[in-house]
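Keep in mind the model is a prediction, meaning the values are calculated, not measured. Numbered from 1 within each chain, the chains take letters A, B, ... in sequence-line order.
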2 protein chains.
Amino acid sequence: MVKVPNRRQDSRQGSDTPKLEDVAARAGVSTATVSRCLNNPAVVSDATRKKVLDAVRAMGYAPNFGAQALAARRTNTFGAIVPTMENAIFARGLQAFQEALRQQGITLLVASSSYSPELEEQQIHSLVARGADALLLIGHDRPPKCYSFLQKRQVPYVIAWVYDGDEGRVSIGFDNRKAMKSLADAVLDRGHRRLALITADRRNNDRARQRSQGLVDAMTARGLDPETLAVVETAYSIANGAQALEQLMHTTPRPTAVMCGNDVLAAGALTQARKMGLDVPGDLSITGFDDIEIAEIVTPALTTVHVPHRNMGKGAASLLFAMRAGEDPGPSVELEATVILRDSLGPAPDRAP
Amino acid sequence: MVKVPNRRQDSRQGSDTPKLEDVAARAGVSTATVSRCLNNPAVVSDATRKKVLDAVRAMGYAPNFGAQALAARRTNTFGAIVPTMENAIFARGLQAFQEALRQQGITLLVASSSYSPELEEQQIHSLVARGADALLLIGHDRPPKCYSFLQKRQVPYVIAWVYDGDEGRVSIGFDNRKAMKSLADAVLDRGHRRLALITADRRNNDRARQRSQGLVDAMTARGLDPETLAVVETAYSIANGAQALEQLMHTTPRPTAVMCGNDVLAAGALTQARKMGLDVPGDLSITGFDDIEIAEIVTPALTTVHVPHRNMGKGAASLLFAMRAGEDPGPSVELEATVILRDSLGPAPDRAP
DNA sequence: AAGACAAATGTAAGCGCTTACAGTCGCTCA
DNA sequence: TGAGCGACTGTAAGCGCTTACATTTGTCTT
């Protein structure tokens, strides 16, 4: 009933950002044509396209993100939620993911959950609210409501860092259980019988759980009682790895080999072992998992499992592209993780008490 | 002239995302009131607010990001561009930055430039185009056009990781030159006279340049000729650090102390030294810079400079809040960086040839 | 040369919010 | 008692883009 013209910042103060309309005016075409030149150049004639692109360049035009997202109902943004960015575990994979996205003109939104399910759920909502067209998630473990939310919002996602043909979700990764079993086999082959495991909290972490299970598999296969395995659960950090090792060294009988859920814990364990005057691998063998850079530079270098970080990142991107385009991404992808033997693993010390 | 009703996806297929209007209808108020409840609750009566928030919760409403950004001309998103995420150097600072932002309901958009000025410029454009309300940048070195662009677009930014009262920009960080001089003093105090430096490319990196300069300062102050300083420039990576050390060990006279531009290079140098059968610090002292986690776990532990990562991140956030609110952020902030003495630095070996 | 069709471009209706401005509704106070 | 006021709430105009559909123009056919 009431007509109120609505002008906000009429007094431009130099902060002028050209808009589509301005470009159109300068190029002498309609806004639709400019938009098409930018988003679907093929349908515009060569002459017009040149004219328009010249104007775009001359004016330094860049589309307004909000407007574009609103009108197109698409943001060209993918999101990734990783447990942590503070150590290198996920960095390489993320880097590869991002590089693959860039090639398709897609921006990456990263969030970290600090291994907290609540925080992760919040981050999922946040990224979706910010218009992420697709999501990269680590591992399967999360409340069902997270999945139903993504389902309801029709946001495609892929689970990375694990391969599990059984879960009804598209995933790309490796078999954590199998990989850890291989590593444990290498340890057992060297005569170790009193083993210990330093792992992350396994409650909300299927990777940790599967790795732990792989170790149990290996022991069982050799007729060892998994009950004899000493386990310490702790958060991923060098300091915690150190502390866990100290704790384990006070148990009886002392383990001769300590397997760690990842290289960060292993690095801490290694440092602590040295601090306690233990010779690694003479007195004690230590293994890691992931094969991040520090695995190679600690003394002695860590025996570990090399994880295909970069391929997971790249592959995840491909899967998401397909899904966003409405195509069938195909089945989950299994990549190889290989045992890397380095100096921190040696033969079991003599059995003398 | 032509009236064309424009209905897109009329056939809703379960992917219904409630909109403001739906919430308003359910709560029996206007969309304006709902919007106010969410953005400026103080102006709404208690009863109405409760009614609305209940409806919001019941429907699982979340605002559409694009629409909100478009209408409010504000995205509640800050951007950060760091040279790299692949090593821990910037991770901690970024983490702190992000934590501070979260408390204000702001999302962080991270991009990495891989130490490439071109890429960084592109990232700046990209983040601004995506509506970043403010930016965190590392170091002063970048083409003037980057600054004029930000100026023109009225995007507030702060420079972190360096403190330089002279540059006419708000910055938060420490004096790289002074810090490196202190560390170099510690080295010289131990009798070292043949020094070497492994540094990142100094052309587009003021931190590297200043650190290098700090070393020269220390030498000059003791009457040493800076020309005798052997320098290797290389990209930040463990492998490159190793390679640089090897190269330096083939120069005559051999340095007795190798100072590295950061801990990553130092870790590589350390590994290489050991591989070459050198005793550190007996034959050779090595120092790092940054005090990231690996500094403590390598053998021997690295003497380095502790950088106030977290405080820089947190402080940068505060400065940007002020700037976005149109307040005066005050002058640049100088934080302390302190020398951390560990085992990799020892007295110079005997002068015997 | 007229009709058929394809290619290129223009027109204008929203996308889902925020917010300026305009009511509306008690109350207070002279 | 009624003007004045403050506290809320409603109305509706965009924000800058994309895109369905309409229109124009050009190219063939027959």
Side-chain angles (χ1 to χ4, degrees), chain A residues 1-10 12 15-25 27-52 56 59 61-76 129-131 153, chain B residues 1-10 12 15-25 27-52 56 59 61-76 129-131 153:
Chain A
M1 260 143 248
V2 188
K3 295 265 144 104
V4 182
N6 181 356
R7 296 276 55 213
R8 283 153 215 249
Q9 300 270 100
D10 244 349
R12 306 260 150 181
S15 141
D16 61 310
T17 305
K19 49 172 76 167
L20 205 59
E21 203 184 322
D22 303 327
V23 176
V29 299
S30 72
T31 61
T33 298
V34 178
S35 174
R36 279 188 286 252
C37 274
L38 265 24
N39 301 307
N40 194 4
V43 306
V44 178
S45 74
D46 290 352
T48 308
R49 182 164 355 110
K50 180 175 182 324
K51 217 167 40 181
V52 171
V56 165
M59 308 183 75
Y61 169 80
N64 175 295
F65 178 72
Q68 191 166 357
L70 182 57
R73 289 117 161 276
R74 168 172 34 72
T75 58
N76 292 323
R130 300 188 63 74
R153 288 295 235 272
Chain B
M1 261 143 247
V2 188
K3 295 263 144 100
V4 182
N6 183 357
R7 296 274 56 210
R8 282 152 215 253
Q9 301 271 100
D10 243 351
R12 306 261 149 185
S15 137
D16 61 313
T17 307
K19 48 172 78 170
L20 206 59
E21 202 183 324
D22 303 327
V23 176
V29 299
S30 71
T31 60
T33 299
V34 178
S35 174
R36 280 189 285 254
C37 275
L38 265 23
N39 301 307
N40 194 4
V43 305
V44 179
S45 75
D46 289 353
T48 308
R49 184 166 352 113
K50 180 176 181 326
K51 219 167 38 180
V52 170
V56 164
M59 308 182 75
Y61 170 79
N64 175 296
F65 177 72
Q68 192 166 359
L70 181 57
R73 290 118 162 276
R74 169 174 32 71
T75 57
N76 293 322
R130 303 188 67 75
R153 288 294 236 272

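Residues meeting the side-chain hydrogen bond (donor to acceptor under 3.5 Å, both in side chains) test with A:Asn40, sequence neighbours left out: none. By the side chain to side chain contact (heavy atoms under 4.5 Å, CB included) test, B:Ala32 is found to be paired with B:Ser30, B:Arg36, residues two or more places apart in sequence or in another chain being considered. Remark: B:Thr31 engages no residue in a side-chain hydrogen bond (donor to acceptor under 3.5 Å, both in side chains) (not counting sequence neighbours). The side chain to side chain contact (heavy atoms under 4.5 Å, CB included) search around B:Pro18 returns B:Asp22, B:Met59, B:Tyr61, not counting sequence neighbours. Under the side-chain hydrogen bond (donor to acceptor under 3.5 Å, both in side chains) criterion, B:Asn39 pairs with B:Ser35, not counting sequence neighbours.
At least one side-chain heavy atom of A:Leu38 sits less than 4.5 Å from a side-chain heavy atom of A:Val56.
The separation between A:Leu70 atom CG and C:dT18 atom C1' is 12 Å, rounded to whole Å. C:dG16 atom P lies 10 Å from atom OH of B:Tyr61, rounded to whole Å. Rounded to whole Å, atom C1' of C:dC15 lies 6 Å from atom CZ of A:Arg73. Taking atom NZ on B:Lys19 and atom C1' on C:dC15, their separation rounds to 8 Å, with Å as the unit. Computed from coordinates, the A:Asp22 CG to D:dG16 P distance equals 9 Å when rounded to whole Å. To the nearest angstrom, P of D:dG16 lies 13 Å from CE of A:Met59. The distance from atom CG of B:Leu20 to atom P of D:dG14 is 19 Å, rounded to the nearest whole Å. Regarding B:Leu38, its CG atom lies at a distance of 15 Å from the C1' atom of C:dT19, rounded to whole Å.
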Polar atom pairs between nucleotides 8-10 of chain D and protein, under 3.5 Å, N or O only, would you list them?
residue	atom	partner	partner atom	Å
D:dT9	OP1	B:Ser45	OG	3.0
D:dT9	OP1	B:Thr48	OG1	2.2
D:dT9	OP2	B:Ser45	N	3.2
D:dG10	OP2	B:Ser30	N	3.0
D:dG10	OP2	B:Ser30	OG	3.2
D:dG10	OP2	B:Thr33	OG1	2.8
D:dG10	N7	B:Arg36	NH2	2.8
D:dG10	O6	B:Arg36	NH1	3.2

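For the OP1/OP2 pair of C:dT18 and a distance below 4.0 Å, the side-chain nitrogens and oxygens of B:Asn39 include at least one atom meeting the criterion. Distances shorter than 4.0 Å separate some side-chain N or O of B:Ser35 from OP1 or OP2 on C:dT18. Residue B:Gln68 places at least one side-chain N or O closer than 4.0 Å to OP1 or OP2 of C:dT18.
Rounded to the nearest 0.5 Å, atoms CZ (A:Arg130) and CG (B:Asn76) are 8.0 Å apart.
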